[in-house]
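Keep in mind that this is a model prediction, so the values were computed, not measured. In each ligand, atom 1 is the first atom listed, and ligand 1 is the first ligand listed. Starting from 1, each residue takes its place in the sequence as its number.
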Amino acid sequence: MVEPAEHFLKSTMSSDQSANVELIKKHIGEYPDFPKKGILFKDIFTALRNGEVCKAIKSVLLAYVRENCPDVQVIVGLEARGFLFSLLIAAELGIASVPIRKKGKLPGTCARQEYVLEYGTDVFEIQQGSITPGQKVLIIDDLLATGGTMTAANLLVQQIGGIVECNLVILELTQLGGRKKLEASGATVHSFIHYDDIE
Ligand SMILES: O=P(O)(O)OC[C@H]1O[C@H](OP(=O)(O)OP(=O)(O)O)[C@H](O)[C@@H]1O
Ligand SMILES: Nc1ncnc2[nH]cnc12
């Protein structure tokens with residue numbers, strides 16, 4: 001079963017934005033046993049094949065950021081799907097866009113953080129100097145599952161002096177506990193669509 005995140009629907013979402021979320025939800029792809037047996041992979045790229053969905057995603061993200069985190073100065077996008085949305089928001093708001101990438105992909109001196117996700121382990125990096133100490137940051141990705149990825153991103157931003165104001169994802173797999181993990185470390189996270197039936 002798929003439902004828009006209720007807290008967002010009830011408190012801040014207009015009927016236009018509810019319709020946008022419904023449209024996005026209908027177009028998310030599902031791939032069983034990818035990338036490993038037992039994983040039901042939720043694919044945002046499938047949804048992006050539809051131009052109306054692209055517009056809907058842009059609209060809901062911007063409406064949310066404008067209303068809930070109007071003071072952010074840097075949008076940090078997480079490799080790979082977070083990149084699709086970080087520049088979209090940054091360009092519209094006229095603020096900085098900074099990547100966090102898998103190890104070995106970014107030039108210059110980087111801060112580094114290992115993490116565990118639903119189907120493996122990885123290492124994230126951020127470039128030293130990409131955020132000015134004290135800047136307010138929004139971290140964006142396509143999906144929250146175990147929260148390993150987003151937690152590592154929070155640690156990296158903090159390591160180089162950024163202040164994480166907000167974590168934003170389009171999809172959340174609630175059974176995997178990512179929200180609890182993030183909230184336990186004092187972070188807040190917002191999602192637009194949550195799936196409650198994925199073990
Ligand atoms: O909450 P978690 O359990 O940490 O998982 C969430 C992460 O998993 C996926 O990325 P993936 O690591 O597959 O990387 P990719 O986008 O580079 O393919 C997804 O895009 C999130 O970044
Ligand atoms: N089930 C899933 N679908 C898409 N991305 C993911 N990242 C971690 N788990 C995932």
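Scanning the protein for heavy atoms near atom 22 (O) of ligand 1, the closest one is D141 OD2, 2.5 Å. What sits closest to atom 4 (O) of ligand 1 on the protein, heavy atoms only, is T149 OG1, 2.5 Å. Closest to atom 3 (O) of ligand 1, if we only count protein heavy atoms, is T146 OG1, 2.6 Å.
The ligand atoms of ligand 2 that sit less than 4.0 angstrom from a heavy atom of L173 are 1 (N), 2 (C). Counting atoms of ligand 1 from 1 in the listed order, those under 4.0 Å from a heavy atom of Y119 are 8 (O), 9 (C), 10 (O), 11 (P), 13 (O). Listed by number with element, the atoms of ligand 2 under 4.0 Å from a non-hydrogen atom of A145 are 8 (C), 9 (N). Heavy-atom proximity to E79, at under 4.0 Å, picks out these atoms of ligand 1: 16 (O), 17 (O).
By the 6.0 Å and 45° rule, K102 does not stack over the aromatic ring of F124.
The closest heavy-atom contact to atom 4 (C) of ligand 2, among the options Y31, F41, Y195, comes from F41.
Of the polar atoms of L117, none of the N or O atoms is found under 3.5 Å from an N or O of ligand 1, judged by distance alone.
E165 places no side-chain N or O within donor-acceptor distance of the main-chain N or O of V137, the cut-off being under 3.5 Å.
Contacts between L40 and ligand 2 below 4.0 angstrom, taking non-hydrogen atoms only, involve the backbone exclusively.
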